[in-house]
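See structure below.
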Amino acid sequence: TSLQSKAIITNTILNDMPAHMIKIPAEEGATIYIKELHKSFTVTGGYATIEVEDYTWYEALEIAVEEAEDEAKEAAQKQLDELLKAEFITATINTALQSVMLPVLSRKQDEAAEMKRMMRLSISISSYVIIPMMAGLAGVATPLVTVLLGEKWLPCVPYLMVYCFTMAFIPIHTCNLQAINAMGRSDIYLKLEVIKKAYGIIALIIALVFFDSPLAIAMTGMITNLISFFVNAYPNQKYLGYTYLEQIKDVLPSLLVSLA
């Protein structure tokens, strides 16, 4: 029989509070340490006698829960930081594109051919920088997460990869949208945003109802991002003659470099 099964537990009152007396048999003079109470008890008369109010165990449990929650929050914050690194890279270049393209394109808003030339140059350069960078981050996701967060966080690798793919094409969207704003067509810009939000919400609902998976929810961003490429590029195909095929051709070299 184990030592625990030989322990004697009786109800008692301690400091006018409900309590328990626990008598644990052990070798005379031995010391027994109770982790939850952070105390040591000496065996006398063949038993280590412990008296403790009942609420003490609840307090110990609350402390343990709080510590576990703090550890979970810290680990989740580390995972979020990894995802934000990918966003920081694209956001920095995206901000630069927004601040430069709008005034430059606005000066050429009556010259469709010149606007198209500048757009092609902007998309080619931004794609050449961002797409290989995001592909590289996705490629080293497993060792990066292992080194920075530890092996227990390897399940987050697919999410980081999906996020990298999603963020890789953000500058292309920016170039298309800034051209629309430069032409003074804020009405088209608003319509595009409403359309994108609509199918984005629909995709999210489908993922929640039919898949019920966090990864499926994350992938809705990737899928809607691809659809948004065609949505954002349509007005420029109509007003500037910058076709879907031409945009794909301008992005294709960067994609091939990333896959190499």
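Scope of the values below: all heavy atoms of this structure, side chains included, with no hydrogens, waters or symmetry mates. Here the structure is a predicted model, which means the values were calculated and not measured.
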Side chain proximity check, [X] to [Y], heavy atoms < 4.5 angstrom:
X: I217; Y: F211; answer: no
X: C164; Y: L160; answer: yes
X: M119; Y: Y242; answer: yes
X: P214; Y: Y159; answer: yes
X: N225; Y: F165; answer: no
X: L154; Y: E151; answer: yes
X: N232; Y: L192; answer: yes

Atom [atom1] of [X] and atom [atom2] of [Y]: how far apart are they, to the nearest 0.5 Å?
X: Q247; Y: I123; atom1: CD; atom2: CD1; answer: 4.0 Å
X: N176; Y: H173; atom1: CG; atom2: NE2; answer: 8.5 Å
X: Q237; Y: Y239; atom1: CD; atom2: OH; answer: 12.5 Å
X: Q178; Y: M115; atom1: CD; atom2: CE; answer: 10.0 Å
X: I201; Y: I206; atom1: CD1; atom2: CD1; answer: 12.0 Å
X: L190; Y: I180; atom1: CG; atom2: CD1; answer: 11.5 Å

### Task
Please determine, by modelled atom types, if Y244 and N236 share a side-chain donor-acceptor pair under 3.5 angstrom.
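Judged by distance alone, the side chains do not pair up.
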Spell out, yes or no, whether [X] and [Y] are grouped together once hydrophobic residues are joined by side-chain heavy atoms under 4.5 Å, including indirect joins.
X: L226; Y: L255; result: yes
X: M183; Y: Y189; result: yes
X: M222; Y: F230; result: yes

On a heavy-atom basis, which atom in [X] and which in [Y] lie closest, and how many Å separate them?
X: K116; Y: G241; answer: NZ-O, 3.1 Å
X: V251; Y: S127; answer: CG2-OG, 3.8 Å
X: V162; Y: A218; answer: CG1-O, 3.6 Å
X: S186; Y: N181; answer: CA-OD1, 4.3 Å
X: P235; Y: V231; answer: CD-O, 3.4 Å
X: V257; Y: P132; answer: CG1-CG, 4.4 Å

### Query
Under the 3.5 angstrom rule, does the side chain of D250 hit a backbone N or O of S124 as a donor-acceptor pair?
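No; judged by distance alone, with no hydrogens or angles, the pair does not exist.
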#### Entry: Under 3.5 Å: donor-acceptor pair, side chain of T243, backbone of E246
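Answer holds: yes.
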#### Entry: K196 with E193: basic N within carboxylate O range, under 4.0 Å
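Yes, K196 and E193 are salt-bridged.
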### Query
Could you go step by step and tell me if L144 and L137 meet the side chain to side chain contact (heavy atoms under 4.5 Å, CB included) rule?
CA-CA 9 Å; L144 182 66; L137 182 57; 3.6 Å; yes
### Aromatic centroids of F169 and F229 separated by under 6.0 Å
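That pair fails the under 6.0 Å test.
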#### Entry: Y128, OH: over 12 other non-hydrogen atoms inside 6.0 angstrom
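Not more than 12 within 6.0 Å, no.
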### Query
Do other residues, nucleotides or ligands put more than 12 heavy atoms under 6.0 Å from the CE atom of M219?
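Counting neighbours around CE of M219, 12 or fewer heavy atoms of other residues, nucleotides or ligands fall under 6.0 Å, so no.
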